[in-house]
Number of protein chains: 4
Amino acid sequence: MEKTRKSGTTSPRLSREESQARTRERLIETATRLFVGQGYGGTSIRDIAEQAGYSQGAFYSNFESKESLLLEMLRRHMAGEAAHLATLSERAGTSLETVLDDLEAWASTLDQDINWSMLSIELQMQAQRSTTFAVAYRAVWQQHRDALAVWLAQLFAAHGLQPPVGIEALAASFMALAHGLALQRASTGTEVSGRMMVVLLRGLLAMARPA
Amino acid sequence: MEKTRKSGTTSPRLSREESQARTRERLIETATRLFVGQGYGGTSIRDIAEQAGYSQGAFYSNFESKESLLLEMLRRHMAGEAAHLATLSERAGTSLETVLDDLEAWASTLDQDINWSMLSIELQMQAQRSTTFAVAYRAVWQQHRDALAVWLAQLFAAHGLQPPVGIEALAASFMALAHGLALQRASTGTEVSGRMMVVLLRGLLAMARPA
Amino acid sequence: MEKTRKSGTTSPRLSREESQARTRERLIETATRLFVGQGYGGTSIRDIAEQAGYSQGAFYSNFESKESLLLEMLRRHMAGEAAHLATLSERAGTSLETVLDDLEAWASTLDQDINWSMLSIELQMQAQRSTTFAVAYRAVWQQHRDALAVWLAQLFAAHGLQPPVGIEALAASFMALAHGLALQRASTGTEVSGRMMVVLLRGLLAMARPA
Amino acid sequence: MEKTRKSGTTSPRLSREESQARTRERLIETATRLFVGQGYGGTSIRDIAEQAGYSQGAFYSNFESKESLLLEMLRRHMAGEAAHLATLSERAGTSLETVLDDLEAWASTLDQDINWSMLSIELQMQAQRSTTFAVAYRAVWQQHRDALAVWLAQLFAAHGLQPPVGIEALAASFMALAHGLALQRASTGTEVSGRMMVVLLRGLLAMARPA
DNA sequence: GATGAATGAGAGTTCATTCAT
DNA sequence: AATGAATGAACTCTCATTCAT
């Protein structure tokens, strides 16, 4: 499979692997768009393949099943979020204002990337129904929550404060709020910006006692 | 199925309307249970009718379509929530502790009545997909948000405080949080209790400036 | 379901049940024809429904699955064969010539009813692949073999002869021969009549020792 | 898959033709195994290629189509059986016991080589469906029957007996019985050994009149 | 000669909905 | 009002086969 792939010098045409990677990429893009717009259950493989410009068979050359495509999306989702959180954590020791700006920036990313938010909710709904998927989803979710918890812990510690509730419950709540807002935006069109998260965090800091 | 068969001659009280109301009621109950467990898309009318002990035709004698059943549910959901909010509002003027206890009580209702929470999310997902439904959903949602906003306004006013952000955004955020937590509970099994809402509200009060 | 079915006096139209029975019958007839001609695997439900003049859905209103249709066929096959064997057994005590004529008559039934023979082979092939089906098939097959064995035992006893091999093995062999001849006829067009069975039985009687 | 990759420089003996022959051989072996276990229709080319350690394309480099592979199998089947019959015929003039032992040996070969038996039935089923295939099958089948008929004729002649029915019908019947028994064994698990053939032949000899 | 991604047709099955009874 | 057989469209998925590499 990877034997003769030195690809010469310029390669005016796509090699086999490149071509398949492209197909796969297009299918994922199309599927993401459709899942967001019509939901996982409301999107057929026919739709995905057709809109991506391929046959249904092409889908099955690239993914084992509809659910395995969703798992692939979950993996990518995870990778993206992990990167965000890493950035957040890196700067957790600096001034409070900087840190809260970082949070707001992250939150507004969620706001803008409505796709990911809705997809994330699709993922959660699917997790409720498929055991296979639930296991995978839970693992990813815990990783996120833990990373966020670490960041929050650093934040409170840096200001000599004691969090008013368990740090993991706090992290979970922020994630819940982000998802809830995304759902609300999608279903009612209301724009309650990610700023709310900053406001709430400020409130928590305001009420916290010294450690 | 064989319950009202003998009523022909002797039971003048279970009139046709009452009998149909009963059918309707049972269909709604069964449908709620199934939607919560398997989702709107994952539940067939055959399932609903069968489990309720009727035929598919009986369903269509009572509802125009699958979606119109969901609209009926939405109406009932609304009525229930309105009642809750009314209670909450009634006592908004009393001591802070009482009021926060009320909030926590309401929040824990959401916690316990996982059925309604999940159904509520199903409703939101459906609102994203069906224009008909979206219009109805938005109206109901705004009523809720406004009632909650009024309650929050009373709360801040009673303590001579100025809310740190628009009162409607605040109300919307609390609803988003409630839904996000329900979704989280369903998909990850995590129990971050409705207490978080009280904690956050305390934080907001702690950071608020005098009016 | 059976409540108001007194059917009056003449019923110019088909009642609900009659109408469905008709549909079911037509589907089975069509399916038999197609299975015989193109095999079980080679016949699609689409084909069956279309050729019978119904929708695919109608098929599923009448049968749970493709295999359950085959099971229904097996049941009918069994009933038919059982009737044949009963007739055979009834007259087992009469003169040898009569009895052998009966056997030949039965064998030539197999000959002529090529449909059943080929279907029977389809059933056997399916039994090799589906566990569900194998269990059902084995039960039916054993019943047949036992009935045939009883008949053969009566035959040998009536002439004071001792069968040269176990009576059940003998019965099984006759069934195998009947199926093998059917298969041969279908695949090569060769007409080796069911008379062979009579010839072989005569041979067995000729070589048998007194009991 | 990785076996012949190093042969580039040092192995002048595994020529292209030999290498291809090897591929072909492995595909046939694997296909035989799979057809027997899952049937012709139940076996995909993907399965065959994968299990043999090749790509689907390799299959099509070696065979025109799925059916042409089956034709190749038929050819080999024929060759093998022809060899058996030749051995049988060679010794047809010796004592009756020897000859019947030979028959039983052949029959038990069929018994043991359940693979060939089931494949043979697959071939017959396919012959019923494909005209191309049917023509080829019929030719092979007639050759077999004729060879067997010659052997039977020699047998009767050697004992100065006159066969009770046409010698070709007799041969066809024995083949039918062999196939029927194989089918029975596969579908019901019943072991009615090939000894039955010997018993029946003895019966025929017992009832035969002098020539 | 061998690869395997992609095709296109078709498989079995499900489902919201209709309508004669 | 209630029945449930029948519809017709859509579903996920499989497969023999093709063809650029």
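Just so it is clear: chains get the letters A, B, ... in the order the sequence lines come, proteins before strands, and each one is counted from 1.
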Between [atom2] of [N] and [atom1] of [X], the distance in whole Å:
X: A:R24; N: E:dG4; atom1: CZ; atom2: P; answer: 16 Å
X: B:K66; N: E:dC15; atom1: NZ; atom2: C1'; answer: 8 Å
X: B:L70; N: E:dA16; atom1: CG; atom2: C1'; answer: 15 Å
X: A:E50; N: E:dT7; atom1: CD; atom2: P; answer: 12 Å
X: D:I48; N: F:dT17; atom1: CD1; atom2: P; answer: 11 Å
X: A:F59; N: F:dC15; atom1: CZ; atom2: P; answer: 17 Å
X: B:F63; N: E:dT18; atom1: CZ; atom2: C1'; answer: 18 Å
X: B:Q56; N: F:dT7; atom1: CD; atom2: C1'; answer: 12 Å

ask   = Looking at B:Y40, does the NZ or CZ of B:K66 lie under 6.0 angstrom from its six-membered ring centre and within 45 degrees of the ring axis?
value =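 Output yes; distance and angle both within limits.
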
query = Relative to the ring of C:Y137, is the ring of C:F133 parallel (under 30°), tilted (30 to 60°) or perpendicular (over 60°)?
reply =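 Answer is parallel, since the angle falls under 30°.
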
ask   = Counting side-chain heavy atoms from C-beta on, which of F:dA6, F:dT3, E:dT3 comes nearest to C:Y54?
value = F:dA6

task = Taking only the side-chain heavy atoms of B:S55 (C-beta and beyond), determine which of E:dG10, E:dA5, F:dT3 contains the nearest atom.
result = F:dT3

request  = Return the 5'-most residue of the pair A:G42, D:D47 with respect to DNA chain F, ranking by each residue's nearest nucleotide.
outcome  = A:G42

query = Could D:R33 and D:E29 be called an ion pair, given the rule that one side-chain N must be under 4.0 Å from one carboxylate O?
reply = no

message = Can you tell whether the side chains of C:E25 and C:R22 come within less than 4.0 Å, N to carboxylate O?
response =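 No, no charged N to carboxylate O under 4.0 Å.
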
ask   = Would you say A:R46 and A:F59 make side-chain contact, with heavy atoms under 4.5 Å?
value = no

ask   = How about B:L70 and B:E122: do any of their side-chain heavy atoms sit closer than 4.5 Å?
value = no

ask   = In terms of side-chain heavy atoms, does B:Q56 have a donor or acceptor partner in B:E50 at a distance below 3.5 Å?
value = no

Select base, sugar-phosphate, or nothing to describe what [X] touches, counting heavy atoms under 4.0 Å on all strands.
X: C:S61; value: base
X: B:Y60; value: base
X: D:S44; value: sugar-phosphate

task = Could you provide the dot-bracket string of DNA chain F, using ( ) for intrastrand pairs, [ ] for crossing pairs and | for bases paired to another strand, with Watson-Crick or G-U pairs below 3.5 Å?
result = .||||||||||||||||||||

key: Contact under 4.0 Å: C:T23 side-chain N or O vs F:dA6 OP1/OP2   = yes

ask   = Does A:Q20 place a side-chain N or O at less than 4.0 Å from the phosphate oxygens OP1/OP2 of E:dA5?
value = yes

task = Find which nucleotide of DNA chain E each of B:G57 and A:N62 is nearest to by heavy atoms, and output the residue with the more 5' nucleotide.
result =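 Mapping each residue to its closest nucleotide by heavy atoms, the 5'-most match is A:N62.
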
request  = With DNA chain E as reference, determine whether B:R46 or C:I45 sits nearer its 5' end, using the nearest nucleotide of each.
outcome  = C:I45

query = Any donor and acceptor pair, going by atom type alone, linking the side chain of D:T43 with main-chain N or O of D:G39 inside 3.5 Å?
reply =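 A pair under 3.5 Å: yes.
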
